[in-house]
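Below is one structure, written out as structure tokens; the observations come after it.
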Amino acid sequence: MTESSREWELKAACRNEDPAVFFPSRTTRESTARAKRVCLSCPVREECLAAALVREHGLPQSRRDGIVAGLVGAERWQMSRDQEQERGAKEPAPVPSVRAAPARHEPAQCGTPSGYQRHRNRGETACRPCKDANNRAKQAYLRTGSTRSPA
């Protein structure tokens with residue numbers, strides 16, 4: 001049976017549990033055991049583990065939080081590492097499909113206060129038009145107390 005990418009989550013045994021059980025602020029044997037019991041009885045444990053391994057692909061052990069699919073972060077990290085070693089150089093590791101963020105806007109143009117900031121952020125010496133535009137904006141701010149252009 002083929003399900004949509006996250007439809008399986010509706011069948012998860014943890015769906016009605018308190019998230020603090022799986023992501024406790026302080027891990028104890030009791031809290032870990034309770035979360036693992038829930039996970040071991042889950043009908044979609046394999047899908048959960050597969051999704052966690054894709055989501056955590058490339059993360060270091062220290063960044064894998066919580067108990068997911070009955071495994072703590074260190075166990076998931078080891079499993080991921082073992083799978084990569086089994087694949088060896090035969091095939092590249094699968095990369096999770098992540099949509100590239102669209103460009104927010106064009107880079108700031110020279111001759112504007114934003115262009116001046118772009119130079120500064122890049123560690124460059126600002127060009128003369130950018131310096132002049134920044135000085136005009138600074139003087140206007142000192143005169144009016146606002147960065148808004150007059151309407």
Side-chain angles (χ1 to χ4, degrees), residues 2-12 14-28 31-32 35-36 39 42 44-151:
T2 305
E3 296 184 25
S4 71
S5 61
R6 295 184 62 152
E7 215 172 279
W8 61 267
E9 291 178 350
L10 297 174
K11 299 175 186 172
C14 63
R15 187 164 186 262
N16 296 317
E17 293 283 334
D18 181 4
V21 171
F22 302 94
F23 297 92
S25 58
R26 184 173 161 212
T27 305
T28 63
S31 66
T32 302
K36 286 186 174 202
C39 290
C42 185
V44 291
R45 183 172 178 236
E46 288 180 27
E47 291 91 338
C48 181
L49 179 59
L53 292 176
V54 167
R55 184 176 57 248
E56 296 174 341
H57 177 79
L59 287 179
Q61 180 178 347
S62 62
R63 296 289 311 271
R64 297 173 187 238
D65 297 326
I67 295 134
V68 180
L71 302 173
V72 296
E75 293 168 325
R76 294 191 307 277
W77 177 80
Q78 186 63 50
M79 178 178 280
S80 177
R81 193 167 162 220
D82 291 347
Q83 287 176 352
E84 287 179 15
Q85 287 177 349
E86 284 175 14
R87 273 193 299 275
K90 296 177 188 171
E91 60 183 81
V95 177
S97 61
V98 177
R99 252 185 15 206
R104 294 186 308 180
H105 49 75
E106 292 296 316
Q109 298 297 313
C110 280
T112 64
S114 297
Y116 177 82
Q117 289 301 319
R118 185 195 67 206
H119 287 296
R120 296 288 310 260
N121 291 340
R122 291 180 177 176
E124 304 168 346
T125 301
C127 63
R128 177 53 51 194
C130 287
K131 286 180 181 178
D132 292 343
N134 191 63
N135 285 333
R136 282 192 304 275
K138 181 179 177 184
Q139 292 303 317
Y141 174 72
L142 292 173
R143 243 186 354 266
T144 64
S146 173
T147 58
R148 298 187 79 154
S149 302

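Since the structure is predicted, the reported quantities are computational estimates derived from the model, not experimental observations.
Side-chain contact between Val44 and Glu9 is absent, with no heavy atoms from C-beta onward closer than 4.5 Å. Proximity of Cys14 to Phe22: side-chain heavy atoms (C-beta onward) are separated by under 4.5 Å at one or more points. Counting heavy atoms from C-beta on, the side chains of His57 and Glu84 come closer than 4.5 Å. When side chains are defined from C-beta on, Gln109 does not count as touching Ser114, because their heavy atoms never get closer than 4.5 Å.
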Taking distance alone, no hydrogens or angles, what donor-acceptor pairs closer than 3.5 Å link side-chain atoms of residues 118-133 to residues at least two apart or in another chain?
| residue | atom | partner | partner atom | Å |
| --- | --- | --- | --- | --- |
| Arg118 | NH1 | Ala108 | O | 2.3 |
| His119 | ND1 | Glu124 | OE1 | 2.8 |
| Arg120 | NH1 | Tyr116 | OH | 3.4 |
| Asn121 | ND2 | Gln117 | O | 3.4 |
| Arg128 | NH1 | Asp132 | OD1 | 3.4 |

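For Glu75, the side-chain contact (heavy atoms from CB on, under 4.5 Å) partners two or more places apart in sequence, or in a different chain, are Lys36, Leu71, Val72.
For the residue pair Asp82 / Gln78, a side-chain donor-acceptor distance below 3.5 Å is found, with atom types taken as modelled.
When all heavy atoms of Trp8 and Ala51 are compared, the pair lying nearest together is CZ2-CB, 3.7 Å. Heavy atoms only, all atoms of each residue included: Val21 and Pro24 are closest at O-CD, 3.9 Å. Contact between Cys48 and Val68 at its shortest, heavy atoms only, is SG-CG1, 3.5 Å. Shortest non-hydrogen contact noted between Cys42 and Ala12 is SG-CA, 3.8 Å. Nearest heavy-atom pair across Pro113 and Ala137 is CG-CB, 3.7 Å. The two residues Ala69 and Arg45 come nearest to each other via the heavy atoms O-NE, 2.7 Å.
For CZ of Phe23, the number of neighbouring non-hydrogen atoms (other residues, nucleotides, ligands) closer than 6.0 Å is greater than 12. Atom CD of Glu46 has 12 or fewer heavy atoms from other residues, nucleotides or ligands within 6.0 Å.
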- request: Test salt bridge (charged side-chain N to carboxylate O under 4.0 Å, His left out) on Arg76 and Glu56 and set out the steps.
  value: CA-CA 9 Å; Arg76 294 191 307 277; Glu56 296 174 341; 2.9 Å; yes
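Expressed to the nearest 0.5 Å, how far CG of Leu53 lies from CG of Leu59 amounts to 11.0 Å.
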